[in-house]
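Ligands are counted one by one from 1 in listed order, and the atoms in each one are counted from 1 as well.
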Amino acid sequence: MAQENETVLRVRNLRLYFQTRGGPVQAVDGVDFDLRKNEATVIIGESGCGKSSLAKAILRLLPRNAGRYDGEIWLHDQNIMALNDESFRKEIRWRRISMVPQAAMNALNPVMKIGDQVAEPAMVHLNMDEEDAMKSAVRMLEHVGVPIDFLHRYAFELSGGMRQRSALAMALVTLPDVVILDEPTSALDVLTQASIMNLMKRMKHELETSFILITHDIATSSELADNVAVMYAGQIVEVGDARRFFPKPLHPYSHALMASVPRLRETIEPEFITGQPPSLLNPPTGCRFKDRCPRRFEKCDQEPPMYTREGDRLVKCWLYEQPSA
Ligand SMILES: Nc1ncnc2c1ncn2[C@@H]1O[C@H](COP(=O)(O)OP(=O)(O)OP(=O)(O)O)[C@@H](O)[C@H]1O
Ligand code: SF4
Ligand SMILES: [Mg+2]
């Protein structure tokens with residue numbers, strides 16, 4: 001049996017709510033998942049299900065209206081939720097866990113040269129002097145396929161793909177244990193998307209980094225994914241090995257998501273998921289997917305627990321109550 005890679009990140013019962021006039025928005029509501037060394041966990045789910053909020057919760061990038069925020073985040077054997085804000089900022093954010101935020105390629109500093117932007121995290125978070133930080137930036141830009149003469153260019157002089165590679169270099173320059181990528185390819189054309197996915201696949205092994213990839217693009221991400229976590233209405237409803245998930249998703253919502261992916265080689269039409277995800281201000285009691293689920297039955301008015309299936313797959317659905325299901 002192949003040996004399992006060590007666990008780098010263990011997220012347990014993580015919650016992040018936002019205070020609003022209408023009450024708390026339960027954007028991340030009791031999330032559990034693991035990330036192993038040199039692996040990528042892909043998080044998929046419809047718009048508004050809490051993917052970016054989960055990324056922010058892991059990196060403690062909380063907006064001013066953040067409300068309830070608790071749970072455990074273990075980075076190797078350290079519960080980083082127990083750190084105070086200053087220690088978290090100094091020891092964890094960017095140094096150990098970094099992020100390419102949603103729409104990062106449009107958020108590069110327009111008045112700073114690419115080389116200086118990539119060197120900056122090394123100076124700020126690893127206390128490198130300017131010369132060493134620039135050497136690290138050059139190495140990382142080469143790694144991600146940005147030509148050396150782009151060092152002195154500004155973001156507006158780069159194509160979308162090159163900007164995204166530069167944003168990735170910024171996140172990787174400190175050689176963190178974990179990089180979170182929030183929709184890294186959504187604004188790119190199909191060929192550039194594929195080349196960025198290939199690049200991340202290479203980085204995972206060459207730099208011994210683990211990735212959390214948040215995406216709508218299930219088809220492109222399947223190349224990179226070692227594990228898949230499906231998020232629905234602030235919760236993870238299925239998580240497990242990608243090689244088992246893609247051919248046979250278990251949760252009815254995962255089924256529906258997979259059926260909505262257009263397939264080039266098949267004549268099957270994609271099916272759209274009927275209805276809307278529930279409001280996170282007042283999510284339904286019981287299973288949160290019940291109003292859209294074609295397999296709903298009486299028991300679904302109670303909240304299902306996570307059931308374990310073969311190969312440590314977890315699925316939050318009453319259909320799996322019986323071990324033989
Ligand atoms: N600061 C905030 N205050 C109040 N509600 C918020 C705040 N930030 C996000 N939300 C809400 O939390 C929910 C989850 O948002 P989030 O951005 O995490 O979703 P997402 O899955 O990343 O969506 P997308 O795929 O569109 O990026 C949404 O209902 C959103 O409107
Ligand atoms: S618990 Fe019930 S409503 Fe929810 S996904 Fe399973 S079958 Fe559907
Ligand atoms: Mg988002």
Q: Answer yes or no: is there an ion pair linking D70 with R68, defined by an N-O contact shorter than 4.0 Å?
A: yes
**Q.** Minimum-distance protein heavy atom relative to atom 5 (N) of ligand 1
**A.** F18 CD1, 3.7 Å
Q.
With 2.8 Å as the limit, count the protein N, O or S atoms near the Mg ion (ligand 3).
A. 2
Q.
Atom CD of residue position E206 - does it have more than 12 heavy atoms of other residues, nucleotides or ligands inside 6.0 Å?
A. yes
**Q.** Any R64 heavy atom less than 4.0 Å from ligand 1
**A.** no
Q: Identify, by atom number and element, the atoms of ligand 1 in contact range of S52, meaning under 4.0 Å from any of its heavy atoms.
A: 17 (O), 18 (O), 20 (P), 22 (O), 27 (O)
Q) Heavy-atom contacts under 4.0 Å between M231 and ligand 1: side chain, backbone, both, or neither? A) neither
Q: Decide, yes or no, whether a salt bridge links R60 with D85 under the criterion of side-chain N to carboxylate O below 4.0 Å.
A: yes
Q. Any side-chain heavy-atom pair from K316 and E238 closer than 4.5 angstrom?
A. no
(Q) I need the nearest protein heavy-atom contact for atom 25 (O) of ligand 1: residue, atom name and distance, please. (A) K51 NZ, 2.8 Å
Q: Report the relative orientation of the aromatic rings in F289 and Y232; use parallel for angles under 30°, tilted for 30 to 60°, perpendicular for over 60°.
A: perpendicular
Q. Which residue holds the protein heavy atom closest to atom 1 (N) of ligand 1, what is that atom called, and what is the gap in Å?
A. N65 OD1, 3.2 Å
Q: Look only at interatomic distance and state if V25 has a nitrogen or oxygen under 3.5 Å from any nitrogen or oxygen of ligand 1.
A: no
Q. Quick one: does atom 30 (C) of ligand 1 have a protein heavy atom under 4.0 Å from it?
A. no
**Q.** Numbered atoms and elements of ligand 1 in range of L280, under 4.0 angstrom, heavy atoms
**A.** 13 (C)
Q) What atoms in ligand 1 come closer than 4.0 Å to a heavy atom of T20? A) 4 (C)
Just distance, no hydrogens or angles: give the donor-acceptor pairs under 3.5 Å from side chains in residues 107-124, sequence neighbours left out.
residue: N109; atom: OD1; partner: V111; partner atom: N; Å: 3.0
residue: Q117; atom: OE1; partner: N109; partner atom: N; Å: 2.9
residue: Q117; atom: NE2; partner: N109; partner atom: O; Å: 2.8
residue: Q117; atom: NE2; partner: M112; partner atom: O; Å: 3.1

**Q.** R163 and E157 ion-paired at < 4.0 Å
**A.** no
Q | Identity and distance of the protein heavy atom lying nearest atom 14 (C) of ligand 1 | A | G48 O, 3.5 Å
Q: Work out how many protein N, O or S atoms lie closer to atom 8 (Fe) of ligand 2 than 2.8 Å.
A: 1
Q) Can you tell me the protein heavy atom closest to atom 26 (O) of ligand 1 and the distance? A) S47 OG, 2.4 Å
Q | Distance-only N or O hit between ligand 1 and A27, under 3.5 Å | A | no
Q) Taking everything shown except Q276 itself, do over 12 heavy atoms lie less than 6.0 Å from its CD? A) no
Q. When clusters are formed from ILVMFWY side-chain contacts under 4.5 Å, directly or step by step, what else is grouped with V190?
A. none
Q.
Looking only at distances, can you tell me whether any N or O atom of P63, backbone or side chain, sits closer than 3.5 Å to an N or O atom of ligand 1?
A. no
Q. Hey, is the main chain of Y320 close enough, under 3.5 Å, to the side chain of R309 for a donor-acceptor pair?
A. yes
Q) For atom 16 (P) of ligand 1, what is the nearest protein heavy atom, given as residue, atom name and distance? A) S53 OG, 3.6 Å
**Q.** R36/D226 ion pair, N-O < 4.0 Å
**A.** no
**Q.** Note: R12-D32 ion pair, threshold 4.0 Å (strictly below)
**A.** no
Q) In terms of atom number and element, which parts of ligand 1 are under 4.0 angstrom from non-hydrogen atoms of H216? A) 25 (O)
Q. Hey, does Q102 come in under 3.5 Å of ligand 1, counting only N/O atoms on both sides?
A. yes
(Q) Can you tell me how the ring of Y154 sits relative to the ring of F156, calling it parallel under 30°, perpendicular over 60° and tilted otherwise? (A) parallel
Q.
Can you tell whether the side chains of D177 and R96 come within less than 4.0 Å, N to carboxylate O?
A. yes
(Q) Does any part of the side chain of R313, heavy atoms only, come nearer than 4.5 Å to the side chain of L250, both counted from C-beta? (A) yes
(Q) What I want to check is whether the side chains of R165 and S195 have a donor and an acceptor closer together than 3.5 Å. (A) yes
Q.
Counting only heavy atoms not in D149 (residues, nucleotides, ligands), do more than 12 fall under 6.0 Å from its CG?
A. yes
Q) Taking 4.0 angstrom as the limit, do D291 and R296 come out as a salt bridge? A) yes
